[in-house]
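Position 1 is the first residue of the sequence, and the numbers go up from there.
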Amino acid sequence: MLGLQRQTLGLVAGIVGFAAVLLLPTPPGMSPEAHKTAAVAVLMICWWISEAVHIGVTGFVPIALFPLLGVTSSREVSAHYGNHLIFLFVGGFIIAQAMERWNLHRRIALAIIDRFGSRPRPIVLGFMVATALLSMWISNTATTMMLLPMAMAVVNQLVGTAQVRGAAERAQHEQLARDTFGPVLLLGIAYAASIGGLGTVVGSPTTVAFLGFATDAFPDLPPIGFAQWSMIGLPIIVVFVPLTWLYLCRFGTAIPLSAVRFSSSQSVIHDERAALGAMSAPEKRVTIVAASTGLLWILRAPIDLGGFFLPGWSQLFPVPGSVHDSTVAMTMAILLFMLPSGKAGDASRLLDWRHAARGTPWGIVFLLGGGFALAAGITDSGLAAWLGAWLGALAGLPSWVLVVAVCVLTTAMTETTSNVATVLMLSPVVAAMAGEVGVHPYLLLVPMAVTSSFAFTLPVATPPNAIIFSSGWITIPQMVRAGILLDVIGLLIVPIAVYALGSSVFGF
C-alpha cells in the first residue's frame, strides 16, 4: 500500500513539476531549449525516484517530449537508444545467460565457497568473494538472486550443528545464529555484488551509463576501455570487499558474529557440488567463450604502463578506432548461438533466443537509452553549461575537496534514486562543473560513476539490497546500521583510489 501511494504521489509530482517549470519565466542566461530540458529532467527525476512507472518506461520520455517541445528532432533523440555501449551491456548479458543455462555460474560459486570451511566468518568471506567475482561478469541482480537461496540453505543447515548442550541452550543458540549469522551473510552478498560490479565495464549498468556519456561528451579524449576501467575498479574491490567483510563480522549486527559456533559440517555445499557432477561439454565450451571474451576485452586497445607497452589486437584492423568492447561482446554473443552444445544426444546450440531473451533486462536497456538521450539534451541545450557556471564558484577549492563533494552528492542521491539514473542525471552537470573549475573531467566523473554503486543503507537503494531484504531475515534498522558506515568508507576509498591511480590510467 505504501509503495502504491509513493508511486501515485511521484506520478502526480512529476507532471506538476514538469508543468510548473515550463510555466516559470526562463532564468537569465538560460536558453529556451535548456528551460524545456530542465522541465523534462524534473519529470524523469520524480518518476525515477518514486518508480511511478517502470524505470524503462521513464526512459521513453525524451523520445516523446523532446521533439514535441522543440528541444531536438525525433531522428536525433532516437540515435541515443542505439548507443554502442548499450550493445556492450546486452552482449554481456547474453554471455551470462549462456553461463546460467548450463549451470556454470553455480559451479564457479560452489568451488569458491567450498574452500572457506564451515566457520561463520570464512563462510561469509567465501560467499562475498564468490559474489564479487561473479558480479564482475553477471549482473549484480542476477548474482544476488542466484546466491540468496544457497546462502539461506547454508544457514539453515549449519544452525543445527551448534556446539552447545541442552535443548534450551541449543534453541537459544539457533535463534542467535539466524538473527546474527543470517543477516550478516545476506548483507555481505548484497554489498559484495554492488562492489564487485565495478571490476569490469560490463559488471554494472552504472559503468555502462557513464562510459556512454563520456564517449559522446568527450570525443577528443582517449576512450576508457576494459583494461583502463579495471585498473581502477579491481584495486577498489580488493580493498573494499575485505573491509566490508571485517566490518560486517564485527559490527554488522548488535551481537558479534564470533558468538556463533558451528561444527565442521559442510554437507550443503558438498551435496550441491556432487549434484552438479563432472563438468559437461557445454560448460567447457561456454567457459572458453567467456574467458576468450575477457581476454579480448582486456587486450583490445594498446596498454601503456609506463615502461611496459602492449599493442592491442584492434591495431590489426584497417580502422582500429572503429572496434569497441561492444564489438567483442556482440561477436562472442553471436558465437554462442552458432556453436553446438556438444552434449551427447542433444543437437541444440550453446544458446537459443528463448533463453537469451528471458534473462535480458530490456527495461534497463530502455533506461540507458533514455538516460543517454536526457544527458545529451542537458548538454546540447546548454543546461549543463548554465548549471556548471553556477558551480564555478567552487573554482577556488582544492581539487580533492571537489572530488569528495561530488562523491557525497552522488551517495546521497543514489540511496533514493536508481543508480543508473543518478549517473545519467549527474554526468552532464559534473562535466560542466569540471570545465568551469578547470580540472580534467574524468577527475570528477570517474569518482561519481564509482560511488554511484555504493548505496548500502536502504532496501530501495540497489536491486541487491531489495533482494536480500525480501528474504525476511533483515530489518531496515539492521541494514541502516550496517550500511551507513560502509557509505562513509566508500567516500574515503574512492578519492584515494582516483588520486593514486587516476594520473597513470586517465592522465589527469
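Every residue two or more places apart in sequence or in another chain that forms a side-chain contact (heavy atoms from CB on, under 4.5 Å) with Pro27 is listed here: Met30, Trp386. Considering only residues two or more places apart in sequence or on other chains, Thr72 meets the side chain to side chain donor-acceptor pair (under 3.5 Å) condition with Glu76. For Ala455, the side-chain contact (heavy atoms from CB on, under 4.5 Å) test picks out Thr414, Glu415, Ala461, Thr462, with sequence neighbours left out. A search for side chain to side chain donor-acceptor pair (under 3.5 Å) contacts involving Ser292 returns nothing, not counting sequence neighbours. Applying the side-chain contact (heavy atoms from CB on, under 4.5 Å) criterion to Leu296, with sequence neighbours excluded, gives Trp313, Val328, Met332. Residues passing the salt bridge (Lys or Arg N to Asp or Glu O under 4.0 Å) test with Arg300 are Asp325, sequence neighbours excluded. For Ser135, the side chain to side chain donor-acceptor pair (under 3.5 Å) partners are Asn140, not counting sequence neighbours. With sequence neighbours excluded, the residues that form a side-chain contact (heavy atoms from CB on, under 4.5 Å) with Val16 are Val12. Partners of Phe60 by ring pair (Phe, Tyr, Trp, His ring centres under 6.0 Å), not counting sequence neighbours, listed by chain and number: Phe366. Residues meeting the side chain to side chain donor-acceptor pair (under 3.5 Å) test with Ser78, sequence neighbours left out: none. Shown here are the ring pair (Phe, Tyr, Trp, His ring centres under 6.0 Å) partners of Tyr191, two or more places apart in sequence or in another chain: Phe456.
Annotation: side chain of Leu491 is not in contact with side chain of Val404 (no heavy-atom distance under 4.5 Å). Put simply, the side chain of Asp352 reaches to within 4.5 Å of the side chain of Arg101, judged on heavy atoms. Ser341 places none of its side-chain heavy atoms less than 4.5 Å from the side chain of Arg285. Using a 4.5 Å cut-off on side-chain heavy atoms (C-beta onward), Trp473 and Ile468 make no contact. When side chains are defined from C-beta on, Val430 does not count as touching Leu409, because their heavy atoms never get closer than 4.5 Å. Using a 4.5 Å heavy-atom cutoff, the side chains of Trp47 and Val61 are in contact. By the 4.5 Å heavy-atom criterion applied to side chains, Cys407 and Phe454 are not counted as neighbours. Side-chain atoms of Phe337 and Leu351, non-hydrogen and from C-beta on, do get closer than 4.5 Å to each other.
Enclosure of atom CZ in Phe18 by more than 12 non-hydrogen atoms of other residues, nucleotides or ligands within 6.0 angstrom is indicated.
Of the inter-residue distances, the one linking Met128 atom CE with Thr244 atom OG1 reads 5.0 Å to the nearest 0.5 angstrom. Note that CG of Asn465 and OG1 of Thr457 are 8.0 Å apart. Values are rounded to the nearest 0.5 Å.
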Only distances under 3.5 Å count here; give the side-chain donor-acceptor pairs of residues 214-227 to other protein atoms, sequence neighbours excluded, each with its distance to 0.1 Å.
residue : atom : partner : partner atom : Å
Thr215  : OG1  : Leu211  : O            : 2.8
Asp216  : OD2  : Asn83   : ND2          : 3.4

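Of the residues Val403, Thr410, Leu402, the one that meets the side chain to side chain contact (heavy atoms under 4.5 Å, CB included) test with Val406 is Thr410.
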